[in-house]
Amino acid sequence: MSQPQERHLFIPGPATAEPEVLEALAAPIRPHYGPDFVADYNGCRARFQQALQTHNDLFLIVGPGTAALDAAFSSALPDGARTLVPVNGWFGERTAEMLRAHRCEVEELPFELGQPIDSDMVAARLAEGEFAAVAWVHHETSTGVLNPIEPICRAARAAGALTIIDAVSSLAGTELAVDDWGVDLCVSVANKGLAAQPGLSGISVSERAWAAIDSNPDTRGWYLDLRTWRKYDQEWADWHPYPTTVPSGLVGALDTSLRLILAEGLDERIVRTREAALRVREGLRELGFRMFVDDDYASPITTSAYPHPDLPVGEMITELREQHGIYISGGLAGLAGKIFRIGHMGRSIEKEETDLLLDAIARLLAHRQAQKENASVEGASV
Ligand SMILES: *Cc1c(COP(=O)(O)O)cnc(C)c1O
């Protein structure tokens with residue numbers, strides 16, 4: 001087997017994990033039931049709740065974040081449920097698409113790419129629209145914009161609508177207070193800000209959400225129905241509080257990462273994430289890049305920027321990967337080729353890592369510019 005070059009993940013998830021997390025992942029496989037494993041599983045669950053700042057029920061679903069979003073939509077929303085979806089990017093569009101697949105009656109409220117969702121406009125629409133729910137993305141990972149949560153939750157409560165948040169990429173990278181803000185269903189994952197292996201998603205469920213779930217006459221499957229998860233959690237609490245086999249390595253890895261982050265302190269982690277984003281934005285600007293998102297709304301979790309005139313985005317991505325083992329992302333859908341994105345998650349927020357990234361980009365640019373100069377000197381001498 002050839003030895004891969006060391007990978008530096010600056011994509012907006014998954015993130016490079018700490019060595020302790022990888023060690024936990026490689027531990028021998030354990031049975032997924034019985035008091036020992038269940039104690040460890042519940043510890044991991046409690047730490048996930050702590051990260052979300054919630055006392056709401058929390059389930060760790062085996063699957064990507066999308067599975068937990070499916071669980072939220074299918075459990076809480078009956079066929080034809082009127083659902084408002086403020087959209088300011090590709091993940092918002094995807095939320096609307098998922099809800100339509102769940103046979104909800106979706107109304108999209110569009111906002112410009114690179115701009116945040118306007119909570120006043122959402123509140124106004126909620127007040128007049130008789131919606132069963134409002135669903136939106138906290139951090140729109142496709143553009144690097146942070147969306148408001150609390151004011152929309154307040155308006156939704158007043159209007160009697162449930163709040164369903166895709167916090168897949170925001171957890172541990174920015175403030176997220178599920179209970180204080182009154183989020184009814186909140187979804188996140190192991191592998192973005194929490195920097196563990198993909199494969200586990202967390203979903204928190206408020207009292208209000210349970211009331212909606214219990215009055216939902218429709219079911220769209222069994223595994224992702226939160227009633228199934230609650231039943232096992234209650235009836236098999238001591239030895240198997242989930243409906244299926246659970247991967248012990250993924251639970252161990254996630255718990256190890258949660259312990260590291262909580263030991264550092266969630267607030268401290270959020271400060272360090274913001275500092276990493278600021279270093280990268282400043283460094284890119286010094287090199288002549290323009291930011292895609294205004295400083296006022298730029299998220300600390302993903303930096304998006306326009307390509308440098310001397311370096312097309314596709315070539316920048318390929319050369320960073322091939323020459324430096326550095327992985328960054330391009331734009332999605334309509335933004336493909338127009339922007340690039342740098343994630344600030346996991347080990348990539350360390351100063352030595354952001355220095356490495358900025359140095360590699362500086363070298364690529366210097367090389368390009370030297371080539372261009374040579375070409376024009378040669379052109380002049382013909
Ligand atoms: C990454 C991401 C997802 C998809 O998560 P999966 O775990 O791949 O299902 C959904 N929403 C947002 C905002 C994301 O950043």
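Throughout, residue positions are numbered sequentially from 1 according to the sequence presented. Counting starts at 1 for both ligands and their atoms, following the listed order. Predicted model only: the values in this text are computed from it and were never measured.
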Requested in this report: Please find out if less than 6.0 Å separates the ring center of Tyr306 from that of Phe292.
Outcome: yes
Query raised in the report: Do the side chain of Asp184 and the main chain of Arg157 share a donor and acceptor less than 3.5 angstrom apart?
Result: no
Query - Exercise: do Asp57 and Trp229 side chains pair donor with acceptor under 3.5 Å - result: no
Query raised in the report: If we ignore angles and hydrogens, is there a donor and acceptor under 3.5 Å between the side chains of Thr66 and Arg94?
Result: yes
Could you go through ligand 1 and list every pair where one of its N or O atoms sits under 3.5 Å from a protein N or O, giving the atom names and the distance to one decimal?
unit_1   : atom_1 : unit_2 : atom_2 : d
ligand 1 : 7 (O)  : Gly65  : N      : 2.8
ligand 1 : 9 (O)  : Gly65  : N      : 3.2
ligand 1 : 9 (O)  : Thr66  : N      : 2.8
ligand 1 : 9 (O)  : Thr66  : OG1    : 2.5
ligand 1 : 11 (N) : Asp166 : OD1    : 3.3
ligand 1 : 11 (N) : Asp166 : OD2    : 2.6
ligand 1 : 15 (O) : Thr141 : OG1    : 2.5
ligand 1 : 15 (O) : Lys192 : NZ     : 2.7

Query raised in the report: With a 4.0 Å cut-off, would you call Glu282 and Arg279 a salt bridge?
Result: no
Query - side-chain contact (heavy atoms from CB on, under 4.5 Å) partners for Lys338, two or more places apart - result: none
